[in-house]
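This report refers to the structure that appears directly beneath it.
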Amino acid sequence: MHKDIMAFSPAPNQFLSFKLGGLEYGLDFGKVQELRILKSLERFAADGALVEGVAVSRGVIMPIVDMRAAFCGHPVETKPTTDVIILKLSTCVMGMVVDGVTDVVTLLPEQISPIPGADGGAIDYLIGLGVTEGRRLILVDIDRLMSIDKKNSQRQVA
């Protein structure tokens with residue numbers, strides 16, 4: 001009896017890369033529902049610096065979190081390159097405002113390494129550092145990052 005044996009090769013992962021505060025980040029592309037320009041969303045009430053209010057996209061009302069304000073600590077001016085990533089998280093659909101989306105990056109497991117100094121404690125939402133074609137992406141577990149309770153947490157943003 002003869003069996004065909006296929007060489008095992010780890011499946012590549014796709015990440016949506018985006019800019020935030022001068023750094024480039026990546027999140028699981030499977031969590032992305034759609035990409036929008038900030039001005040193209042119907043926005044309602046604002047809740048504060050981080051929660052920019054709620055928006056309607058495809059008939060779904062969702063919170064919009066301004067990650068630019070979360071990372072720099074104060075509201076940031078909206079530019080033509082400002083984008084909203086609509087996310088399908090495990091608990092909800094929400095929008096995330098970033099400086100700009102760059103592209104979709106495919107990384108093999110061997111292209112992802114642990115982030116130096118990140119021991120998994122206070123910043124357990126970091127997956128690792130992805131390196132491809134001279135670029136470095138800080139890879140985030142978006143479900144964990146968006147589940148952080150800012151009032152009751154001492155976690156730091158990378």
Side-chain angles (χ1 to χ4, degrees), residues 9-44 46-72 76 78-79 81-115 118-133 135-153 155-158:
S9 63
N13 296 308
Q14 288 193 313
F15 295 91
L16 179 72
S17 63
F18 59 93
K19 298 258 184 185
L20 198 54
L23 297 173
E24 195 168 15
Y25 293 83
L27 61 87
D28 178 359
F29 186 67
K31 299 286 183 181
V32 177
Q33 180 172 308
E34 68 179 294
L35 302 173
R36 302 287 293 267
I37 297 170
L38 183 60
K39 292 182 181 184
S40 70
L41 286 174
E42 279 185 62
R43 289 188 294 165
F44 303 98
D47 243 1
L50 295 183
V51 178
E52 202 169 270
V54 295
V56 177
S57 177
R58 298 182 185 195
V60 176
I61 298 173
M62 73 190 104
I64 299 291
V65 176
D66 191 341
M67 295 305 289
R68 302 165 311 154
F71 276 56
C72 73
V76 179
T78 297
K79 299 179 180 176
T81 57
T82 303
D83 289 315
V84 177
I85 303 169
I86 309 295
L87 301 165
K88 299 178 291 186
L89 301 178
S90 57
T91 57
C92 66
V93 173
M94 68 184 301
M96 179 174 90
V97 181
V98 297
D99 290 332
V101 171
T102 47
D103 61 0
V104 176
V105 177
T106 301
L107 296 172
L108 294 170
E110 60 266 18
Q111 292 175 290
I112 302 171
S113 60
I115 294 179
D119 60 2
I123 48 176
D124 62 349
Y125 55 85
L126 295 178
I127 296 169
L129 186 64
V131 179
T132 182
E133 300 174 9
R135 292 168 60 192
R136 291 181 182 205
L137 301 174
I138 300 168
L139 304 176
V140 297
D141 179 330
I142 199 63
D143 273 307
R144 281 189 176 170
L145 178 63
M146 290 304 188
S147 70
I148 293 173
D149 181 357
K150 188 165 170 55
K151 292 177 187 167
N152 298 323
S153 177
R155 296 182 185 188
Q156 297 174 334
V157 178

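Partner Leu139 forms a side chain to side chain contact (heavy atoms under 4.5 Å, CB included) with one of Asp28, Leu107, Leu27 and no other, that one being Leu107.
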Is there a side chain to side chain contact (heavy atoms under 4.5 Å, CB included) between Met146 and Met67 once you walk through the steps?
CA-CA 10 Å; Met146 290 304 188; Met67 295 305 289; 3.7 Å; yes
Check step by step if side chain to side chain contact (heavy atoms under 4.5 Å, CB included) holds for Ile37 and Thr82.
CA-CA 7 Å; Ile37 297 170; Thr82 303; over 6 Å; no
Where do Arg144 and Asp124 land on the side chain to side chain contact (heavy atoms under 4.5 Å, CB included) test, with the steps shown first?
CA-CA 8 Å; Arg144 281 189 176 170; Asp124 62 349; 4.0 Å; yes
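Between Ile64 and Met94, the closest side-chain pair of non-hydrogen atoms is not below 4.5 Å. In this structure, the side chains of Leu16 and Leu35 come closer than 4.5 Å at one or more pairs of heavy atoms. Val97 is listed as a side-chain neighbour of Arg68, based on a closest heavy-atom distance under 4.5 Å. Contact annotation: the side chain of Ile86 approaches that of Val93 to within less than 4.5 Å [non-hydrogen atoms, C-beta and beyond]. Counting only heavy atoms from C-beta outward, the side chains of Glu24 and Thr102 approach each other to under 4.5 Å. In this structure, Val98 and Ile85 have side chains that are in contact, with non-hydrogen atoms separated by less than 4.5 Å. Residues Leu23 and Ile138 meet the side-chain proximity criterion, which asks for heavy atoms closer than 4.5 Å. In this structure, Ile142 and Leu89 have side chains that are in contact, with non-hydrogen atoms separated by less than 4.5 Å.
Between atom CZ of residue Phe15 and atom CD of residue Gln111 there is a gap of 10.0 Å, rounded to the nearest 0.5 Å. With rounding to the nearest 0.5 Å, the separation of CG in Leu145 from CD1 in Ile127 is 10.5 Å.
Closest heavy-atom contact between Gly128 and Ile112: CA-CG2, 4.2 Å. Between Ser17 and Val105, the closest heavy-atom pair is OG-CG2, 4.0 Å.
When ring centroids are compared, Phe18 and Tyr25 come within the 6.0 Å threshold.
Of the possible polar contacts, none joining the Thr106 side chain to the Gln14 backbone as a donor-acceptor pair under 3.5 Å is found. Between the side chain of Thr81 and the backbone N or O of Gly100, no donor-acceptor pair lies under 3.5 Å. In this structure, the side chain of Arg136 does not engage the main chain of Gly130 through any donor-acceptor pair within 3.5 Å. Judged by distance alone, the side chain of Asp83 and the main-chain N or O of Val101 form a donor-acceptor pair under 3.5 Å.
Qualifying side-chain hydrogen bond (donor to acceptor under 3.5 Å, both in side chains) partners for Ser90, counting only residues two or more places apart in sequence or in other chains: Asp143.
Taking a 6.0 Å sphere around CZ of Arg135, one finds it holds more than 12 heavy atoms contributed by other residues, nucleotides or ligands.
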